[in-house]
Amino acid sequence: MSDTFIDVVRVADMFADDTYQRELDIKRVDRIAASWDRRLVGVLEVSDRGATASPRFAIINGQHRWAAAARLGIAQLAATVHTELTVEDEAKLFFDIDAKTRALTTWDRWHARSAAGDHAVLAIERIAAECGLEVTQNPGPKNLQCCAALERIWTRSAPEVLADTLVLVLDIWPGETEARKAVVLEGVALVLDTYSLTIDNGRLGDAMSDLTARQLVTRARDMQERSGGSLTKCIARLLVTAYNKRAARGRLDPEAIR
């Protein structure tokens with residue numbers, strides 16, 4: 001059973017587990033070190049991983065204060081010590097504490113939820129991995145930086161819609177950074193979801209191949225300026241129009257996009 005107490009912990013015995021911790025902000029560490037005031041440091045939150053662990057104490061909250069203290073050669077800090085926590089427990093506690101004390105970025109939340117074993121996050125990451133992609137904040141030809149959009153697709157649609165969206169986009173626009181942007185993925189997903197019972201995915205792929213992802217976004221912006229509506233819906237309507245041009249029958253009703 002978990003126990004919690006306040007103690008003085010050696011700075012050298014602490015570490016930040018990047019499984020769930022956000023990336024260290026060096027400028028923030030610089031500011032804390034430059035204006036160090038022991039009275040204002042407060043109490044860190046750490047998890048005791050046991051006598052055999054080295055370093056022993058995983059920092060749940062306070063890694064920037066810890067890094068500043070290490071830079072200044074400060075030997076000890078006060079900490080609330082949590083015992084008997086799994087890494088998943090630590091990640092959840094990190095998320096809960098940080099959500100109340102400091103605004104988390106979308107990626108911070110995603111990273112913490114992934115480490116905590118969140119069902120939706122792990123399912124989305126698995127689908128991306130099956131398509132040869134990774135959900136990450138870093139740029140790259142196989143990286144998806146739009147975790148919020150991926151979760152919106154996942155939440156709104158059946159799981160196969162997200163998978164079909166990624167497969168289509170990779171197949172039609174494999175090297176285009178624009179194709180992996182949130183608005184394009186959500187636009188394609190909106191079409192697949194809206195017409196799930198009638199659409200021919202192969203025909204949709206043919207329609208998508210008539211233009212680049214960048215051209216699609218540019219035309220959608222023009223449509224948005226003329227007619228209003230969200231950019232995602234404008235992308236979806238353009239795709240439906242392109243689809244219908246290729247269909248002698250089985251045309252899609254553009255008014256279904258809402």
Worksheet item: Any side-chain heavy atom of T4 within less than 4.5 Å of one from T83?
Response: no

Worksheet entry | Distance-minimising heavy-atom pair for T106 and A148 | CG2-CB, 3.9 Å

Item to complete: Return the set of residues passing side-chain hydrogen bond (donor to acceptor under 3.5 Å, both in side chains) with T165 (not counting sequence neighbours), or none when no residue passes.
Response: none

Worksheet entry | ring-ring contact (aromatic ring centres under 6.0 Å, His included) contacts touching residues 204-257 (sequence neighbours left out) | none

Practice prompt. Examine distances only and state if a side-chain atom of H111 and a backbone atom of D18 form a donor-acceptor pair shorter than 3.5 Å.
Written response: yes

Worksheet item: Which heavy atom of G187 sits nearest a heavy atom of A236, and at what distance?
Response: O-CB, 3.8 Å

Practice prompt. Taking atom CD of Q215 as the centre, report whether more than 12 heavy atoms of other residues, nucleotides or ligands fall under 6.0 Å from it.
Written response: yes

Worksheet item: Okay, side chain of N143, backbone of N138: is any donor-acceptor separation there less than 3.5 Å?
Response: yes

Worksheet entry | Sidechain-backbone polar pair: Q63 side chain, R22 backbone, donor-acceptor under 3.5 Å | yes

Practice prompt. To the nearest 0.5 angstrom, please state how far the CD1 atom of I153 sits from the CG atom of L162.
Written response: 5.5 Å

Practice prompt. Measure the CG-CZ distance between D200 and R246 for me, rounded to the nearest 0.5 Å.
Written response: 11.0 Å

Item to complete: Report yes or no: do L150 and W154 belong to one cluster of Ile/Leu/Val/Met/Phe/Trp/Tyr joined by side chain heavy-atom distances under 4.5 Å?
Response: yes

Item to complete: State, with a plain yes or no, whether a side-chain heavy atom of T212 is found less than 4.5 Å away from one of E178.
Response: no

Worksheet entry | Test side-chain contact (heavy atoms from CB on, under 4.5 Å) applied to L204 and I199, I172, D164, the passing residue | I199

Fill in: Donor-acceptor contact below 3.5 Å, side chain W173 vs main chain L211
yes

Discussion item. Using a 3.5 Å distance criterion without hydrogens, assess whether the side chain of R10 forms a donor-acceptor pair with backbone atoms of A75.
Written reply: no

Worksheet item: Within the distance-only criterion (no hydrogens, no angle test), does the side chain of R180 pair as donor or acceptor with the backbone N or O of G140 below 3.5 angstrom?
Response: yes

Practice prompt. Before giving the answer on side chain to side chain donor-acceptor pair (under 3.5 Å), spell out for D193 and S196 the whole-Å C-alpha distance, their side-chain angles and the decisive distance to 0.1 Å.
Written response: CA-CA 5 Å; D193 189 38; S196 59; 5.3 Å; no

Discussion item. Tell me whether V135 shares a hydrophobic cluster with L185, the cluster being built from Ile, Leu, Val, Met, Phe, Trp, Tyr side chains joined at under 4.5 Å.
Written reply: yes

Worksheet item: Do the side chains of Q145 and P139 get nearer than 4.5 Å, heavy atoms only?
Response: yes

Worksheet entry | side-chain hydrogen bond (donor to acceptor under 3.5 Å, both in side chains) partners of T194, counting only residues at least two apart | none

Worksheet item: Closest approach of R56 and D48, non-hydrogen atoms and distance?
Response: NE-OD1, 2.7 Å

Worksheet item: Would you say the side-chain atoms of E225 pair up with the backbone N or O of D222, donor to acceptor, closer than 3.5 Å?
Response: no

Worksheet item: Which residues, ordered by chain and number, are linked to F57 in its hydrophobic cluster, where ILVMFWY side chains connect at heavy-atom gaps below 4.5 Å, directly or through other members?
Response: F5, V9, V11, M14, I32, W36, V41, L44, V46, I59, W66, L72, I74, L77, V81

Worksheet item: Any side-chain donor-acceptor pair under 3.5 Å between N244 and T241?
Response: no

Worksheet item: In Å and rounded to the nearest 0.5 Å, what is the CG to CD1 distance from L93 to I97?
Response: 3.5 Å

Discussion item. Looking at D206, is its backbone amide N or carbonyl O close enough to the side chain of S209 to form a donor-acceptor pair, meaning the two atoms are under 3.5 Å apart?
Written reply: yes

Worksheet item: Given S114 and L122, is the side chain to side chain contact (heavy atoms under 4.5 Å, CB included) satisfied, shown in steps?
Response: CA-CA 6 Å; S114 178; L122 294 183; 4.0 Å; yes

Discussion item. Between the side chains of R49 and E84, is the shortest nitrogen-to-carboxylate-oxygen separation below 4.0 Å, so that they form an ion pair?
Written reply: no

Fill in: Joint hydrophobic cluster, M223 plus L239, side-chain heavy atoms closer than 4.5 Å
yes

Practice prompt. Determine whether W110 and V87 fall in the same hydrophobic cluster, where Ile, Leu, Val, Met, Phe, Trp and Tyr are linked whenever their side-chain heavy atoms lie under 4.5 Å apart.
Written response: no

Fill in: Approximate separation, where rounding is to 0.5 Å, of R249 CZ and R251 CZ
14.0 Å

Practice prompt. Please name the pair of heavy atoms, one in V184 and one in A179, separated by the smallest distance, quoted to 0.1 Å.
Written response: CG1-O, 3.6 Å

Worksheet item: Short question: side chain of Y195, backbone of D253 - any donor-acceptor pair under 3.5 Å?
Response: yes

Worksheet item: For N201, what residues pass the side-chain hydrogen bond (donor to acceptor under 3.5 Å, both in side chains) criterion, not counting sequence neighbours?
Response: none

Worksheet item: Taking all atoms of both residues into account, what is the closest heavy-atom pair of S47 and I60, and its distance?
Response: CB-CD1, 3.9 Å

Worksheet entry | ILVMFWY cluster, I124 and W107 together (side-chain gap under 4.5 Å) | yes

Discussion item. Do C234 and Q224 have side chains that approach each other closer than 4.5 Å (heavy atoms only, starting at C-beta)?
Written reply: yes

Worksheet, complete the sentence: dist I257:CD1 -> R237:CZ (nearest 0.5 Å) comes out at 7.0 Å

Worksheet item: Stepwise, does the side chain to side chain contact (heavy atoms under 4.5 Å, CB included) test hold for D30 with R71?
Response: CA-CA 9 Å; D30 292 342; R71 180 182 297 180; 2.3 Å; yes

Worksheet entry | Trace of the side chain to side chain contact (heavy atoms under 4.5 Å, CB included) decision for E186 with R152 | CA-CA 8 Å; E186 289 196 87; R152 284 193 295 270; 2.8 Å; yes

Fill in: Backbone of D25 reached by a side-chain donor or acceptor of H64 within 3.5 Å
yes

Worksheet entry | Neighbour count above 12 (heavy atom, 6.0 Å) for R214 CZ | no

Worksheet, complete the sentence: In short, N61 meets Q21 closest at the heavy-atom pair N-NE2, 4.3 Å

Practice prompt. Quick one: list whatever passes side chain to side chain contact (heavy atoms under 4.5 Å, CB included) with A78, sequence neighbours left out.
Written response: R38, V43

Practice prompt. Would you sort out whether R113 and E151 count as a side chain to side chain contact (heavy atoms under 4.5 Å, CB included), showing the intermediate values?
Written response: CA-CA 12 Å; R113 288 169 62 199; E151 186 162 16; 2.7 Å; yes

Item to complete: Drop me the distance from I235's CD1 to K233's NZ, to the nearest 0.5 angstrom.
Response: 13.0 Å

